[in-house]
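Convention: sequence-line order gives letters A, B, ...; per-chain numbering from 1.
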Protein chains: 2
Amino acid sequence: MDSSQLLKGVLDLAVLAVLKERDGYGYDVVRRLREAGLDEVGDASVYGTLRRLFKAGALTSYVVASDEGPHRKYYGLNDVGRGMYASSARTWAEFSATMASLLKEAE
Amino acid sequence: MDSSQLLKGVLDLAVLAVLKERDGYGYDVVRRLREAGLDEVGDASVYGTLRRLFKAGALTSYVVASDEGPHRKYYGLNDVGRGMYASSARTWAEFSATMASLLKEAE
DNA sequence: TGCCACTATTACGCAAAGCGCAGTAGTGTG
DNA sequence: CACACTACTGCGCTTTGCGTAATAGTGGCA
């Protein structure tokens with residue numbers, strides 16, 4: 001199974017999770033996701049997800065100048081984003097529990 | 001989060017899991033998945049998955065006449081399918097563990 | 001000076017896959 | 001004869017992750 005397909009529908013949640021810890025900019029979010037174990041995530045996917053979540057009203061955004069490269073566009077969760085995180089995390093927990101029991105039956 | 005997106009990349013594994021228990025035909029697989037908790041799975045998705053897995057050489061297929069409706073096209077796992085199941089299940093386990101730790105950090 | 005390498009973002013288009021819906025068809029019930 | 005349930009197929013839509021290219025700033029090295 002191509003693990004990239006597994007990200008469908010979950011990358012939003014993963015991005016919300018790292019931003020819930022603390023604000024971050026695109027490049028930083030990519031690094032943190034990869035360090036967390038999602039080492040195959042593409043940078044374009046993360047940038048796209050950030051834009052999508054921002055457009056959906058879940059994120060705040062502010063630009064910060066950097067002394068070691070170009071400017072950085074930081075993103076952070078607002079109330080909508082925190083609500084989205086909570087409900088997505090719950091949905092994910094239920095779904096993964098369902099899959100776990102399904103796989104256990106097939107053993 | 002739309003839980004239908006979560007199925008992407010996982011429906012294959014779910015179908016392989018129910019067929020690993022015992023052979024089944026499309027309509028039957030749909031029912032068993034829904035009973036297992038994947039109540040939102042669409043029938044067209046399952047039929048498509050069965051065809052795709054069969055085309056990929058993971059399934060055997062045989063038609064059985066039914067006395068309570070049209071004929072039934074049964075599917076079962078062959079060696080390729082069992083191998084696919086094993087590797088997909090392992091990939092899924094690793095992925096869900098990664099997500100679990102990511103969500104735990106964000107608490 | 002010129003050439004990389006790293007940081008950082010955006011835009012374009014592709015491909016996979018689940019789903020809605022329509023269509024076909026067999027069986028049994030009122 | 002209309003309807004409901006079973007059972008399968010095909011078409012087109014949408015979402016979404018990804019590959020690739022383009023743009024741009026900074027710093028190191030020969």
Side-chain angles (χ1 to χ4, degrees), chain A residues 1-16 23-34 38-56 58-59 61-75 84 88 91-92 95 99, chain B residues 1-16 23-34 38-56 58-59 61-75 84 88 91-92 95 99:
Chain A
M1 174 162 44
D2 181 3
S3 93
S4 81
Q5 284 298 318
L6 294 178
L7 277 177
K8 301 262 179 191
V10 184
L11 186 54
D12 283 27
L13 174 58
V15 166
L16 289 171
D23 289 6
Y25 53 97
Y27 215 74
D28 174 53
V29 172
V30 172
R31 263 193 308 241
R32 282 156 70 187
L33 288 175
R34 288 185 178 154
L38 301 177
D39 40 315
E40 289 179 44
V41 68
D43 56 341
S45 306
V46 174
Y47 283 112
T49 299
L50 287 170
R51 272 183 297 224
R52 190 153 31 80
L53 289 174
F54 178 72
K55 202 176 166 190
L59 303 181
S61 176
Y62 50 96
V63 173
V64 176
S66 166
D67 47 343
E68 51 182 29
H71 69 279
R72 294 166 171 170
K73 194 182 281 185
Y74 275 78
Y75 292 96
M84 197 180 288
S88 291
T91 302
W92 165 257
F95 181 81
M99 284 302 296
Chain B
M1 174 163 41
D2 180 5
S3 96
S4 81
Q5 285 297 319
L6 292 178
L7 277 177
K8 302 259 180 192
V10 183
L11 186 55
D12 282 27
L13 175 57
V15 167
L16 289 171
D23 289 7
Y25 52 97
Y27 214 75
D28 174 53
V29 172
V30 172
R31 263 194 306 241
R32 282 157 70 188
L33 287 175
R34 288 185 178 154
L38 301 177
D39 40 315
E40 290 179 45
V41 69
D43 56 341
S45 306
V46 174
Y47 283 112
T49 299
L50 287 170
R51 273 180 294 212
R52 192 154 30 80
L53 289 174
F54 178 72
K55 202 177 166 191
L59 302 181
S61 177
Y62 49 95
V63 173
V64 176
S66 166
D67 46 344
E68 51 183 28
H71 70 279
R72 294 168 171 169
K73 196 183 281 185
Y74 275 78
Y75 292 96
M84 197 180 289
S88 291
T91 302
W92 164 257
F95 181 81
M99 284 302 297

Close side-chain approach of Glu40(A) and Leu7(A), heavy atoms under 4.5 Å: no

Nearest-nucleotide pick for Ala44(A), side chain only, options being dC19(C), dT16(D), dC18(D): dC18(D)

Rounded distance (Å) that lies between atom C1' of dT15(D) and atom CG of Leu6(B): 13 Å

Test item: Tyr75(B) and Leu53(B) side chains (from C-beta on) under 4.5 Å apart, heavy atoms: no

Distance-only donor-acceptor test (3.5 Å): side chain Lys8(A), base dT16(D): yes

Any residue of residues 47-56 of chain A with a heavy atom less than 4.0 Å from an atom of DNA chain C: Tyr47(A), Arg51(A)

Whole angstrom value for the distance that separates P of dT6(D) from CZ of Arg31(B): 6 Å

Student check: side-chain heavy atoms of Asp23(A) and Tyr62(A) closer than 4.5 Å: yes

Every protein N/O within reach of nucleotides 22-27 of chain C N/O, cut-off under 3.5 Å:
none

Rounded distance (Å) that lies between atom C1' of dT23(D) and atom NZ of Lys73(A): 14 Å

Side-chain heavy-atom pair Ser45(A), Leu11(A) within 4.5 angstrom cut-off: yes

Atom pair CZ/CG of Arg32(A) and Leu38(A) - distance to nearest 0.5 Å: 12.5 Å

Close side-chain approach of Met99(B) to Leu13(A), heavy-atom, < 4.5 Å: yes

Rounded interatomic separation in angstrom, taking CG from Leu33(A) and P from dG17(D): 11 Å

Spacing of Glu40(B) atom CD relative to dG20(C) atom C1', expressed in whole Å: 14 Å

Any Tyr25(B) side-chain N or O less than 4.0 Å from OP1/OP2 of dA7(D): yes

Atom-to-atom span, OH of Tyr74(B) to P of dA7(D) - whole angstrom: 8 Å

Separation of dA7(D) P from Asp28(B) CG (nearest whole Å): 8 Å

Phe95(A) vs Val10(B) side-chain heavy atoms within contact, under 4.5 Å: yes

Side-chain touch Tyr27(A)/Asp43(A), heavy atoms, less than 4.5 angstrom: no

Length of the CZ-P vector between Arg72(B) and dT9(D), whole Å: 15 Å

Closest contact, heavy atoms only, Phe54(A) versus Ser61(A): CE1-CB, 3.6 Å

